[in-house]
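Everything on this sheet refers to the single structure shown next.
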Amino acid sequence: MSYPKVILKPGKEQSLQRFHPWVFSGAIKRIDGTPSEGETVEVLSANMDFLGIGHYHSGSISVRILSFKNETIDDNFWGQKLQDALNLRQSLRLYPNPNTTIFRLVHGEGDNLPGLIVDIYGETAVIQCHSVGMYLHKETIAQQIINLFGGRIKGVYDKSSGTLPMREKYNPTDGFIAGTGNLSGIYEEYGNKFWVSWSEGQKTGFFIDQRENRRLLQEYSKGLKVLNTFGYTGGFSVFAMRGDASQVITVDSSEKAIALSTQNIEENFGNTHKHKAIAIDTFEYLRTTNETFDLIILDPPAFAKHHDALRNALQAYKRLNLAAIRKLNPGGILFTFSCSQVVSRVDFRNAVFSASAISGREVSILHQLTQPADHPINIYHPEGEYLKGLVLRVK
Ligand code: SAH
């Protein structure tokens with residue numbers, strides 16, 4: 001199969017030869033043919049040596065590489081890539097696993113499928129396209145997912161309406177694109193039950209990336225008074241309760257999230273006086289409460305989505321962490337996170353360092369946390385490492 005050809009400037013082939021999966025527009029010398037948005041193209045060096053095949057896009061990232069081999073992008077190609085992704089999850093014991101029916105099957109560049117996210121909730125796969133190229137192939141991908149699971153996945157739901165670039169042009173609407181199923185359901189993480197709605201929830205419905213960190217939190221929780229801020233579905237709260245915390249308070253600014261966290265606690269522990277959920281801004285709560293805690297979780301949304309917002313974001317992380325440290329009892333534990341892609345591990349640690357220094361408390365790092373193995377980071381694409389966490393002990 002012959003694809004339109006993107007020819008790079010001399011010297012610009014090096015990053016592709018090191019398997020970096022993006023071609024920036026500035027690296028291109030010329031294009032033979034007129035590829036449309038999302039079309040599959042072949043990338044060649046200035047000497048016309050083959051470098052890779054990928055999806056063409058307008059914008060600063062011109063090509064997202066699908067393969068560094070000279071192959072045809074057909075049903076078989078998608079089937080193989082998805083099989084490879086599933087093999088990894090099987091080796092991680094995430095599938096099949098009756099105690100954990102929520103996991104990520106495809107994590108974009110980390111699974112060598114740039115622009116594609118696929119999350120599994122029991123019998124439903126939810127896909128999110130972050131590139132037009134993937135969006136144009138979504139039906140093929142969905143069918144290959146159904147084939148891959150041999151009947152165990154009954155429907156593939158497309159939730160690209162919030163993530164697809166050029167939405168005015170493609171006008172994406174969410175819905176099932178292969179098979180069928182419900183819009184929500186109850187699924188498990190380490191045996192804990194969570195109500196997940198892919199049609200209404202944030203991301204694909206659940207923050208799957210915190211699974212291993214919640215599990216670690218469970219180990220710390222026995223007998224502690226726990227504050228879970230930015231709690232959303234109450235993921236950390238459920239694990240704290242499972243770990244036998246003496247009291248758990250969930251805080252989120254969204255009434256809907258607070259209702260969801262209450263529902264999830266009830267689903268797992270029935271009606272319990274140990275859990276309280278409050279709809280309030282975290283900064284305001286920390287400023288106004290008279291209570292102190294043995295363990296606090298800070299898992300805010302990304303404070304910086306772009307580089308120009310970095311300085312303000314770091315200030316916000318510093319303020320938030322300082323406010324939390326001040327509410328910790330002596331010997332207290334802080335689980336603190338940043339999911340901003342543009343905030344590096346070092347930046348984040350410096351912000352937490354500043355907060356610690358201002359607090360005047362002795363602080364040590366117990367764990368350095370990241371995203372779980374079903375959110376792999378392509379070593380040639382370090383931008384994929386977005387989740388950073390620290391567990392601190394505050395004297
Ligand atoms: N920790 C959660 C995920 C957090 S997502 C989990 O494990 O699933 C971020 C959450 O922060 C969202 O639910 C959003 O409603 C909430 N949020 C955003 N800004 C907030 C603020 N200023 N105060 C409190 N909650 C906020």
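First listed ligand is number 1; within each ligand, the first listed atom is number 1. No hydrogens, no waters, no symmetry mates; every other heavy atom, side chains included, goes into these values. Worth saying up front: this structure is predicted, and the values here are computed from it rather than measured.
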Closest non-hydrogen protein atom to [atom], residue and atom name please, with distance?
{"atom": "atom 4 (C) of ligand 1", "value": "F230 O, 3.1 Å"}
{"atom": "atom 5 (S) of ligand 1", "value": "F207 CZ, 3.5 Å"}
{"atom": "atom 18 (C) of ligand 1", "value": "P301 CG, 3.6 Å"}
{"atom": "atom 15 (O) of ligand 1", "value": "D252 OD1, 2.7 Å"}
{"atom": "atom 25 (N) of ligand 1", "value": "S253 N, 3.0 Å"}
{"atom": "atom 22 (N) of ligand 1", "value": "D281 OD2, 2.8 Å"}
{"atom": "atom 1 (N) of ligand 1", "value": "D299 OD2, 2.7 Å"}

Any idea which atoms of ligand 1 are less than 4.0 Å away from a heavy-atom of R214?
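So the answer, numbered in order with elements, is 6 (C), 7 (O), 8 (O).
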In ligand 1, which numbered atoms sit nearer than 4.0 Å to a non-hydrogen atom of S254?
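Under 4.0 Å from S254, ligand 1 has these atoms: 15 (O).
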T282 to ligand 1: N or O pair under 3.5 Å?
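Between T282 and ligand 1 (N or O atoms, distance only) the closest approach is under 3.5 Å.
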Could an N or O of ligand 1 be found under 3.5 Å from any N or O of T229, whether backbone or side chain?
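By distance alone, the answer is no.
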Just wondering, do E123 and R152 contact through their side chains at under 4.5 Å, heavy atoms?
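They are not in contact (no side-chain heavy atoms under 4.5 Å apart), so the answer is no.
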Do I65 and V63 have side-chain heavy atoms sitting under 4.5 Å apart?
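With C-beta onward as the side chain, the pair touches.
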Residues [X], [Y]: salt bridge by 4.0 Å N-O rule:
{"X": "D244", "Y": "K274", "result": "yes"}
{"X": "D119", "Y": "K203", "result": "no"}
{"X": "K225", "Y": "E291", "result": "yes"}

Hey, is V251 one of the residues with a heavy atom under 4.0 angstrom from ligand 1?
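Under 4.0 Å: no for V251.
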Ligand 1 contact by I297, heavy-atom criterion under 4.0 angstrom
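No, I297 has no heavy atoms under 4.0 Å from ligand 1.
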Quick one: name the residues clustered hydrophobically with I117, using the 4.5 Å side-chain heavy-atom rule over I, L, V, M, F, W, Y, and just say none if it's on its own.
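None; I117 is a cluster of one.
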Of the backbone atoms (N, CA, C, O) and the side-chain heavy atoms from C-beta on, which set of I280 has a member under 4.0 Å from an atom of ligand 1: side chain, backbone, both, or neither?
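Backbone only.
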F103 six-ring face occupied by R89 cation (under 6.0 Å, within 45°)
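No, R89 and F103 do not form such a contact.
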Where the side chain of Y121 meets the backbone of F206, is there a donor-acceptor pair that is under 3.5 Å apart?
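Yes, Y121 side chain to F206 backbone: donor-acceptor pair under 3.5 Å.
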N228 and S237: side-chain donor and acceptor closer than 3.5 Å?
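There is such a pair (donor and acceptor under 3.5 Å, judged by atom type) between the side chains of N228 and S237.
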